[in-house]
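Just so we're on the same page: letters track the sequence lines, and every chain starts at 1. Since this is a predicted model, take the numbers as computed values, not measurements.
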Number of protein chains: 2
Amino acid sequence: MASSSVDTVLGIGPTDRKAELTRERILDAAARAFRDRGYAGARLADIAASIGMKAGSLYYHFDSREALVEAVMVRGLGRAHAALERRLAALTSDTPPLARIEAAIETHLTEVLHDSDSVSASIKLIWQVPADIRDRVLAGHRAYGAIWTRLLREARAAGALRADLDLSVTRMAILGALNWAVDWYKPGGASPRRIARDIAQMVLGGLATR
Amino acid sequence: MASSSVDTVLGIGPTDRKAELTRERILDAAARAFRDRGYAGARLADIAASIGMKAGSLYYHFDSREALVEAVMVRGLGRAHAALERRLAALTSDTPPLARIEAAIETHLTEVLHDSDSVSASIKLIWQVPADIRDRVLAGHRAYGAIWTRLLREARAAGALRADLDLSVTRMAILGALNWAVDWYKPGGASPRRIARDIAQMVLGGLATR
DNA sequence: CCATTTTTCTAACAAGAATTAGATTATAGC
DNA sequence: GCTATAATCTAATTCTTGTTAGAAAAATGG
């Protein structure tokens with residue numbers, strides 16, 4: 001039976017069962033596989049093999065292939081959301097609106113390119129996955145998008161953003177520029193930080209000389 | 001046998017065989033299916049059914065599922081390339097560099113959102129498709145990207161673009177902002193032209209007030 | 001109309017991969 | 001060490017889907 005019954009009963013901290021650990025390993029492996037080979041292209045046997053297990057064993061931890069991919073996506077979304085909120089919360093209250101947006105851009109890109117396979121997986125898989133999963137995950141996507149909407153709205157209200165552009169188009173364009181990097185980014189080239197800087201400069205200041 | 005042997009011998013104009021027509025219909029249906037459901041998610045039976053055919057019949061026109069998807073992607077890429085070159089060629093020689101970029105943005109987006117399912121398919125499938133297909137199609141992608149690189153380089157050389165940003169990052173950010181629209185665009189909302197205008201404004205002029 | 005060719009369908013086959021049940025091994029508490 | 005439970009494996013099963021061969025239908029040209 002489980003030890004540390006205090007933690008589990010209170011629901012705080014991770015259970016010390018080995019299962020909880022392997023569950024994490026499975027999610028990590030699945031995130032990489034699904035992201036790299038697409039939803040239908042990633043085989044359970046490969047995912048299991050990449051962490052020294054057999055395909056059948058995965059079913060001890062997840063009910064089905066679909067449950068696995070949904071868990072990966074939910075996890076990725078949660079991480080992105082948490083990282084962004086953490087970063088914004090760390091800014092001092094006198095941080096100007098444009099600097100907040102820049103921080104959000106850098107945080108998003110860092111998370112996607114560097115920190116979490118499940119974040120990029122949740123982005124790339126959203127249109128590959130069965131409709132019922134997509135619908136549930138999209139709810140989370142909207143919650144994440146709402147943070148960006150708020151950022152943009154506040155900036156505009158403060159007079160820092162031009163007022164003639166559709167805010168939702170703007171938001172999607174920014175996220176598109178960032179998310180697309182998942183596909184072309186190669187560890188050898190420009191660093192995530194540099195990419196984030198350049199995109200932020202383009203988005204906020206524009207490419208044209210003044 | 002075929003009539004119009006002159007045309008076919010000379011390789012000009014479409015053959016008048018019915019097969020050529022259905023081949024087009026198959027490509028259209030496949031483009032939609034692959035784009036909407038991903039490479040491995042789209043079934044031949046569905047593609048065939050969507051144009052009133054049976055799965056087996058597709059093999060009269062294409063050697064395999066892979067040959068079909070490659071044909072879709074090659075076609076989409078060719079259309080995007082042709083549309084962009086046509087548009088740029090139509091500009092007068094005194095068109096300023098920034099206006100050229102704006103025209104390219106609008107052309108790309110219009111093609112992706114409105115004119116051709118195969119264009120969006122070729123974009124979305126590139127990382128889902130088997131490696132050998134990807135390699136061949138990527139050559140075409142590079143040729144298309146080269147047009148953009150040229151546009152940006154010329155604009156910078158003319159002093160119209162700020163010189164402190166990585167041009168390849170810039171190019172990918174622009175294309176990312178545009179391509180992402182495939183995923184969120186809904187016919188009900190902002191028009192492709194309006195979206196193109198807003199993105200061009202953001203990319204060139206920036207979101208910040210001056 | 002007939003003969004030939006083109007195009008599509010039917011029905012079975014084959015291969016791959018998810019899933020499951022039961023056996024087997026590891027782990028934790030006593 | 002022993003026992004109960006947790007965790008993993010083995011091997012068979014089922015399901016899905018691409019593929020194919022041959023029959024049927026449609027079109028074409030005379």
Options C:dT8, D:dT10, D:dT19, nucleotide nearest the side-chain atoms of A:K54
D:dT10

Winner on side-chain proximity to A:Y59, out of C:dA18, D:dT19, C:dC9, is C:dA18

How many Å lie between [atom1] on [X] and [atom2] on [N], as a whole number?
X	N	atom1	atom2	answer
B:D63	D:dT19	CG	P	10 Å
A:L68	C:dT19	CG	C1'	14 Å
A:L21	C:dA26	CG	C1'	15 Å

If you measure from the Lys or Arg side-chain nitrogens to the Asp or Glu carboxylate oxygens, is any gap between B:R79 and B:D117 under 4.0 Å?
no

Do B:D183 and B:K124 sit within salt-bridge range, that is, some charged N less than 4.0 Å from a carboxylate O?
yes

Quick check on [N]: is either OP1 or OP2 less than 4.0 Å from any side-chain nitrogen or oxygen of [X]?
X	N	answer
B:Y60	C:dT8	no
B:H61	C:dT8	yes
B:S57	C:dT7	no

Cut-off 3.5 Å, side chains only: do B:R32 and B:S50 have a donor facing an acceptor?
no

Indicate whether the side chain of B:T95 and that of B:T92 have a donor and an acceptor atom separated by less than 3.5 Å.
yes

Per the under-4.0 Å heavy-atom filter, residues of residues 28-46 of chain A near DNA chain D come out as none

The reported gap from CD1 in A:I101 to CG in A:L151 (rounded to nearest 0.5 angstrom) is 6.0 Å

Measure from the ring center of A:Y185 to the ring center of A:H114 and say whether it is less than 6.0 Å.
no

